[in-house]
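If you're wondering where the values come from, they're calculated on a predicted model, not measured in any experiment. Below, read A as the first sequence line, B as the second, and so on, with proteins coming before strands; counting in each chain starts at 1.
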Number of protein chains: 4
Amino acid sequence: MKTVSILSLFALALGLTAFTTMQKKKVVFFGDSITEAGVKPGGYVVKIGELAAKDKVADQYELIGAGIGGNKVYDLFLRMDDDVLSKNPDIVFIYIGVNDVWHKRSYGTGTDPDKFDKFYTAIIKKLQAKNIKIALVTPAVIGERTDSSNELDGDLNQYSKAVRNLAQKNNLPLVDLRKAFIDYNKANNPDNKESGILTSDRVHLNEKGNQLVAEEMWKVLKTL
Amino acid sequence: MKTVSILSLFALALGLTAFTTMQKKKVVFFGDSITEAGVKPGGYVVKIGELAAKDKVADQYELIGAGIGGNKVYDLFLRMDDDVLSKNPDIVFIYIGVNDVWHKRSYGTGTDPDKFDKFYTAIIKKLQAKNIKIALVTPAVIGERTDSSNELDGDLNQYSKAVRNLAQKNNLPLVDLRKAFIDYNKANNPDNKESGILTSDRVHLNEKGNQLVAEEMWKVLKTL
Amino acid sequence: MKTVSILSLFALALGLTAFTTMQKKKVVFFGDSITEAGVKPGGYVVKIGELAAKDKVADQYELIGAGIGGNKVYDLFLRMDDDVLSKNPDIVFIYIGVNDVWHKRSYGTGTDPDKFDKFYTAIIKKLQAKNIKIALVTPAVIGERTDSSNELDGDLNQYSKAVRNLAQKNNLPLVDLRKAFIDYNKANNPDNKESGILTSDRVHLNEKGNQLVAEEMWKVLKTL
Amino acid sequence: MKTVSILSLFALALGLTAFTTMQKKKVVFFGDSITEAGVKPGGYVVKIGELAAKDKVADQYELIGAGIGGNKVYDLFLRMDDDVLSKNPDIVFIYIGVNDVWHKRSYGTGTDPDKFDKFYTAIIKKLQAKNIKIALVTPAVIGERTDSSNELDGDLNQYSKAVRNLAQKNNLPLVDLRKAFIDYNKANNPDNKESGILTSDRVHLNEKGNQLVAEEMWKVLKTL
């Protein structure tokens, strides 16, 4: 009897392991240079793994970076088959928008607001057709001044509203980095600096920025 | 016997009529404001119809405008199901590129050269998958000065090269309006005027411009 | 004796008249299209005259418009001899900045922040060298949305700060239209409209806008 | 007799020396980053000195660089008192225009064509008022492709025409680098490369570029 029960337990354990393995969630972070850096040491994707480990659930997630520098929403659209769908993810975080605004200024090739909506929607529809869970992320900052005087603040607020509207309209969870970064800066940037609080260069994340993004995303990810 | 043979001839005639009807080629002109104006009186699409009539083949073509003001290559991509494929065309003229260049200056939302290629290629592939014949058209002018000093001449030359390369690479017929317009202006614009030769406002076609576009397109269309 | 005293009174009266005439303050409004429209019926310069009349001091002011559409700070610098100094004004309102920001987007020829400061300072110095009183005016709005999502809000806030700093640094009175317009819109634009509250087209003043500008300027003008 | 004649020769020598010293021409090269680099080893100003040495007239010239990176025509205007007039030059080469065109694209703060003319003219007038000789220089290249497809070719041609017109109108010598660079590239850039022929990065001069500029300028300088 003892032997049998031990074997049963062993079998049960094996079964549970198998079950757990099958439950491992594949999460793709789909974005631009911020996400490209996110999978490097200290990056936000790595830090999400650390947060999962702290919560003892690291083995439930496979975290995959799919960020390419300079990407705008239609770059994501053009490469989503190759870089996202091919990986059969369970969950995709769409984290885009900084270059859609920024490239208006730097290259003259930003994204029209209505086209931003259309391509973003097309991405959502294609992911939903595959039953992939989606979380939307607002673009955080281009400049950290707290008095609304960063050159592209107006547009960044507008495109962040667009992402919020897309989340609401499609009933999707939202990681509102735009709000989180502004709130953090209002509390921690008394000298109205352009960078150095959450970014190294007004756009790309420093250690604190990666930590904040990881925390905001983890809050959402663990509910999915 | 006689009756039979008359009936047979009648049947044959019916058959020929049906055959002719089936041969009527549906041609879609897919583009921007220039094409939107092209279907209005005096527009280039109307004038192609006149050229076909002069050649006694007007009844072989159904000419359909699908131009929307402000469109860039990815607008065409986004609306091609609704506005082109839904019409089951035999032939599509893709006439785009002016706004891809111009909007860099006016709105900061022009099209990156590599993205111009990618979306253009995606349109070609989708049309070819339906066995639709395609003709490519280079963007003509933004300014008619003949000494290469129109503000956007450099980019317009670059994007026209891209269209030529796409035609060659995909073995497609080309209507090289960029070349045709420059040649015409070199011969007919001795005062180096910005507009008034083939355009009314540096971009949109006047009567002569519509005529030139119609002639250049008709040369290609009647071979397809 | 009587004759003499009457003559004396007459001479005194003449003297007073002359004195009053000499006291009439010549005020130049130096700016862009907003000021160009300001001297037309219903314009803010006309309305300042009405406010002066209401306060029974209309005869103390000669109000002169010197606005030209499309002007930026260095246009003012280039034409200040011809259009301002030649008129020997007592007071100049410098009302500029919208195009310095806007033309970055529309023509690629906006004004660098440091150059905005340098030319603005050069104008101030030249006016001060002639003992002309100066009032500075912040650029009001390009878009009236109240949630900081007008495309150029960031830069407009930045250039308004520059004007405020110039006023403080040079100890000059300030008409802070940027602040006044935002405050007014927060109270009166509950639907977050782009235009129609104080402007007709996001930039140019409607009747209420002209009235607000006139009131804000009059508050400062009557103290000079 | 001998003593006298020796003394006479000595006096003559002294006189010649004094004469030579007084004749030494102070030449200021007034421009942007290209000129800032021009005074460094291998730079075009250094190479002009070498050409003067080869022609045995190096001691007749004092060559002074006054280039600052990023400068546009109105930067020259703003700093000409400090950086040019203060040095009492005999001759000034005005070599500007690349950033007036380029910054339209990169920062949205290029120079309007009419303002380019106005500030350029103001610089000429101020130099002429001091009896300083002036040579004008057209902006060379932003990109070295030979098929007129560099993004900013159109505008660069337009602003070069403006410089040529200013030279003609003011009867001033012209160093037409735009023409010289295009001619050189047509002969030496068979692969239609963007850079590497006369520039290192499409704009800044490599060794051959510095040599070409030096030769073109020396041709004019030695006639002044």
(request) Residue by residue, scan residues 64-94 of chain C and write down, ordered by number, those that have a heavy-atom distance under 4.5 Å to chain A; if none do, write 'none'. (result) none
(message) Please output the residues of residues 107-145 of chain A in contact with chain C, using a heavy-atom cutoff of under 4.5 Å, in numerical order.
(response) A/R145
(message) Using a 4.5 angstrom heavy-atom cutoff, name the option from C/D153, C/L152, C/D147 with the most pairs to chain A.
(response) C/D147
Which donor-acceptor pairs under 3.5 Å do the side chains of residues 215-222 of chain C make with protein atoms, sequence neighbours left out?
| from | atom 1 | to | atom 2 | distance (Å) |
| --- | --- | --- | --- | --- |
| C/E215 | OE2 | C/Q211 | NE2 | 3.1 |
| C/E216 | OE2 | C/K219 | NZ | 3.1 |
| C/W218 | NE1 | C/D55 | OD2 | 2.9 |

(request) Tell me, yes or no, whether the heavy-atom count around C/K193 atom NZ, taken from other residues, nucleotides or ligands under 6.0 Å, exceeds 12. (result) no
(request) Using a heavy-atom cutoff of under 4.5 Å, enumerate the residues of residues 155-183 of chain C that contact chain A, numbered in order, or state 'none'. (result) C/D155, C/N157, C/Q158, C/K161
(message) Working to the nearest 0.5 angstrom, can you tell me the gap between A/E151 CD and C/K104 NZ?
(response) 4.0 Å
